[in-house]
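Counting starts at 1 for both ligands and their atoms, following the listed order.
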Amino acid sequence: MQLRRGDVGPAVAEVAATLRALGLLPATALPAMAQSRPAAVFDVELEHAVRAFQQRRGLITDGVVGPSTYRALRDARWTLGDRMLAFLVSSPVTGDDVFALQERLLELGYDVGRPDGIFGPQTEHALRGFQRDYGMTADGVCGPATMRALRQLAPKVRGGRPVFLREQERVRNAGPRLRGKRIVIDPGHGWGDRGAVAGTACEADLMWDLARRLEGRMAATGMEALLSRGPTSCPEDRDRARFANDAGADLFLSLHTDANPSPFAQGIATYHFGTGNGTTSNVGEALAGFIQRELVARTGMLDCGTHPKTWEILRLTRMPAVRIEAGYLSNAGDRARLLDPIFRDVLAEGILVAVKRLYLLGENDQPTGTFTFHELLRRELAAPA
Ligand SMILES: [Zn+2]
């Protein structure tokens with residue numbers, strides 16, 4: 001299924017209704033006299049709203065409603081309390097209401113794993129635990145009574161979010177050496193979706209090249225670096241996440257460049273999993289911070305900061321994950337640097353050093369931006385097994 005500008009019909013009406021409910025499309029778009037249903041047209045205004053929605057969700061911002069945008073729109077229609085929620089083995093329920101339930105349970109100290117908006121067995125287990133503790137029928141079904149109880153309770157433990165404490169524990173126990181650690185490098189976009197394009201420069205190819213540079217350096221330190229796609233493929237974000245989950249990766253690094261209609265937008269930003277209201281992957285945030293500081297110090301590019309997001313790629317990966325937006329391809333200065341292979345080496349080394357800093361638990365005498373790849377390699381190979 002694909003809807004784009006110019007299309008007409010009930011599916012377009014459905015998309016428009018959802019965007020209207022989300023406040024992305026003005027509610028006054030209908031003529032007042034219309035008793036009969038007006039023909040829904042995918043117009044410029046709707047395309048603009050689709051783009052805004054895609055941007056908010058970390059989807060490819062193309063203004064076209066393809067399968068992943070359609071899925072995200074469907075999920076966004078549900079708010080907690082709209083419907084009963086339960087674990088259905090054959091086709092798990094997904095939606096923003098499931099995400100809100102998971103977040104609430106986490107806040108209350110129940111281990112739902114990473115909130116992903118999918119009602120799976122772990123969510124059911126956590127919900128039963130909650131129901132048992134509060135003297136309710138532990139049926140694992142989130143209906144009106146459970147909803148009321150969830151709304152009334154104050155968070156039991158602040159910061160006691162088991163899945164993220166487990167991530168921290170794993171990094172602490174992993175030791176400072178890079179050898180043996182498994183990293184999935186995710187070059188953004190791919191075949192058929194070139195990402196940001198400016199002149200002859202395209203994000204998909206540049207990030208593929210950066211991924212290979214990073215992969216080579218990681219392999220030299222004894223790390224196991226895996227790529228989420230080949231040079232001529234373009235899996236969906238959920239499939240990239242599944243690949244990393246199946247590989248049991250320790251970390252996930254997604255490589256992108258940004259683009260903006262304004263040629264002045266420039267700089268580096270990093271993103272980690274977090275809802276913006278307290279639920280955050282602490283390890284993801286720490287790694288994003290290390291990467292951000294190393295890259296800004298090494299490149300002198302504008303510091304656009306580190307931000308929590310619930311994008312699919314950050315939500316569905318079950319390990320600390322960071323998405324790097326390494327400059328704006330739409331900015332002449334950033335673009336010129338990204339096109340320079342030596343600059344891409346600088347990026348690769350900065351990212352690798354940041355990963356090393358994470359496993360050193362931030363204890364390193366080298367000031368940010370000065371730890372070289374050769375120094376890192378020397379120390380890595382000299383370290384006792
Ligand atoms: Zn991108």
Checklist entry - Among all residues two or more places apart in sequence or in another chain, which pass the salt bridge (Lys or Arg N to Asp or Glu O under 4.0 Å) test with R212? => result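 By the salt bridge (Lys or Arg N to Asp or Glu O under 4.0 Å) rule, R212 matches E215.
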Checklist entry - Does the ring of F371 carry R357 above it, NZ/CZ under 6.0 angstrom from centre and within 45° of its axis? => result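 Here R357 fails the 6.0 Å and 45° test against F371.
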Checklist entry - Of all residues at least two apart in sequence or in a different chain, which pass the ring pair (Phe, Tyr, Trp, His ring centres under 6.0 Å) check with H307? => result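 Once residues adjacent in sequence are excluded, the partners of H307 under the ring pair (Phe, Tyr, Trp, His ring centres under 6.0 Å) criterion are Y271.
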Would you tabulate the side-chain donor-acceptor contacts of residues 117-124 under 3.5 Å, counting partners in other chains and residues two or more places apart, or write 'none'?
{"from": "T123", "atom 1": "OG1", "to": "Q102", "atom 2": "NE2", "distance (Å)": "3.0"}
{"from": "E124", "atom 1": "OE2", "to": "R128", "atom 2": "NH2", "distance (Å)": "3.1"}

Next on the checklist: Counting C-beta onward and ignoring hydrogens, is there a side-chain heavy-atom pair between L127 and L85 closer than 4.5 Å?
Outcome noted: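 Answer no - side chains too far apart.
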Item to check | Total protein N/O/S atoms whose distance from the Zn ion (ligand 1) is less than 2.8 Å | outcome: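 That number is 3, waters not included.
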Checklist entry - Among side-chain atoms of T94 and D75, is any donor-acceptor pair under 3.5 angstrom? => result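 The criterion, which ignores hydrogens and geometry beyond distance, is satisfied for D75 and T94.
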